[in-house]
Amino acid sequence: MSDSSRRPATAAVHAGRPAAEPDQPLNTPLTMASTYVAGGDLEYGRYGNPTWAAFEEALGELEGGRCLTFASGLAAVSTVLDLVGTDAVVVAPRHAYNGTVMQLADLEARGRLQARLVDVTDTDEVVAACTDAALVWLESPTNPALEVADIPTIRAAAHEAGAYVVVDNTFATPLRQRPLDDGVDLVVHSATKYLSGHSDVLMGAVLTRDEELYGVLKGRRDLIGAVPGTLEAWLALRGLRTLHLRLDRAEENARTLVDRLRAHPAVAEVRYPGFGGIVSIVLSGGALAGDLLTHKTRLWVHATSLGGVESTFERRRRWKTEPATIPDGLVRMSVGIEDVEDLWDDLAPALDDLVG
Ligand SMILES: *Cc1c(COP(=O)(O)O)cnc(C)c1O
């Protein structure tokens, strides 16, 4: 059971466990079931699963809301975007997660909604864009530009316009930012990233304090069927147990690297919001330097995605769909939990080569 007085690290470890009674397993079991004996609340495997419920209880306590899990972060995104009617205006950061921007473009191309992309760091522009919006999508910090939005100010303007406010909290995690405390309606996660944390699971989540919205989203999940696998939910919950340790260490490593990267002549710009484990660097040598760097290291793995225990990086513009406003030479670094001196020993010579 949840206990609102306990602190986040304790909730991460204890929330969503079976009752502490003799012969109960300490951990939530993996319940493999497509159907249940009739007469209860669950009935069928698409409607609910005790292993999902354990993850939902734990993440719900951390974010301070009710949680629904989904098959992936983008399944959660699409379920939320489905809340608004045809022709609705949806305001979103032009540098939101590329899959979110692509999904908005796809929905717009099919006449389903109107996407209005904004510079999320320009609060006046975002507030002005909210006037006739039905939904205001925020992602803070953004992926990979690491821009931070003024959530309370935008939230107030959006609510004045009668719009839903959503925050994709994937980068900050509930340990660094709890948007529901700022009054936003919905929080979205790619649990694929920090929450599960081991680069072995795809999963998503939506959280809210609004019972009516919860009911609508649960209904959509039941009908659309973008539900997570049971094993995925079990692995994500196992990963969540160490979220605080992993994030603290990744952040400590990131801060050390940020100082050194800022002093390196191959690096024109370092973007870091001051917390978390993601750092974006812009290389003076542009795309070529980025491609050289990501192929010259041994420890740092060239791979997309982020938030795992292992350090990975990639030049984002290698993806044709990444907006042209993201610098060609921007390399997004997902700092892992290794020894930071080994990370630097691997990175520094590869950076030195770019200047030499
Ligand atoms: C990865 C990501 C998503 C999409 O999540 P998937 O689990 O890959 O579907 C959404 N938002 C952000 C910020 C992400 O980094």
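What's counted below: heavy atoms across the whole structure, side chains too, no hydrogens, waters or symmetry copies. Position 1 is the first residue of the sequence, and the numbers go up from there. Atoms within each ligand, like the ligands themselves, are counted from 1 in listed order.
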With heavy-atom distances below 4.5 Å as the criterion, would you say the side chains of [X] and [Y] are in contact?
X: L351; Y: P265; answer: no
X: M333; Y: S311; answer: no
X: T170; Y: N143; answer: no

field: Heavy atoms of other groups near R238 CZ, more than 12 under 6.0 Å
entry: no
Which of the numbered atoms in ligand 1 are under 4.0 angstrom from any heavy atom belonging to [X]?
X: L74; result: 4 (C), 5 (O), 6 (P), 9 (O)
X: S72; result: 7 (O), 9 (O)
X: E139; result: 13 (C)
X: D168; result: 10 (C), 11 (N), 12 (C), 13 (C)
X: G73; result: 5 (O), 6 (P), 7 (O), 9 (O)

message: Are any of the N/O atoms on K193, whether in the backbone or the side chain, positioned under 3.5 angstrom from an N/O atom of ligand 1?
response: yes
message: So for ligand 1, is V77 a polar contact partner (N or O within less than 3.5 Å, distance only)?
response: no
- request: Would you mind telling me if ligand 1 is within reach of the side chain of N143, the backbone, both or neither, using heavy atoms under 4.0 Å?
  value: side chain
Pairs satisfying ring pair (Phe, Tyr, Trp, His ring centres under 6.0 Å), at least one member in residues 316-356, at least two apart: none
message: Applying ring pair (Phe, Tyr, Trp, His ring centres under 6.0 Å) as the test, list every pair that has at least one member in residues 287-316; sequence neighbours left out.
response: H295-H302, W300-F313
[atom]: nearest protein contact (heavy atom, Å):
atom: atom 7 (O) of ligand 1; result: T192 OG1, 2.6 Å
atom: atom 4 (C) of ligand 1; result: Y97 CE2, 3.3 Å
atom: atom 5 (O) of ligand 1; result: S190 OG, 2.9 Å

task: Identify which one of L138, I151, V136, I154 satisfies the side chain to side chain contact (heavy atoms under 4.5 Å, CB included) criterion when paired with V184.
output: I151
- prompt: Which of these, R315, R318, R317, sits in a side-chain hydrogen bond (donor to acceptor under 3.5 Å, both in side chains) with D291?
  reply: R315
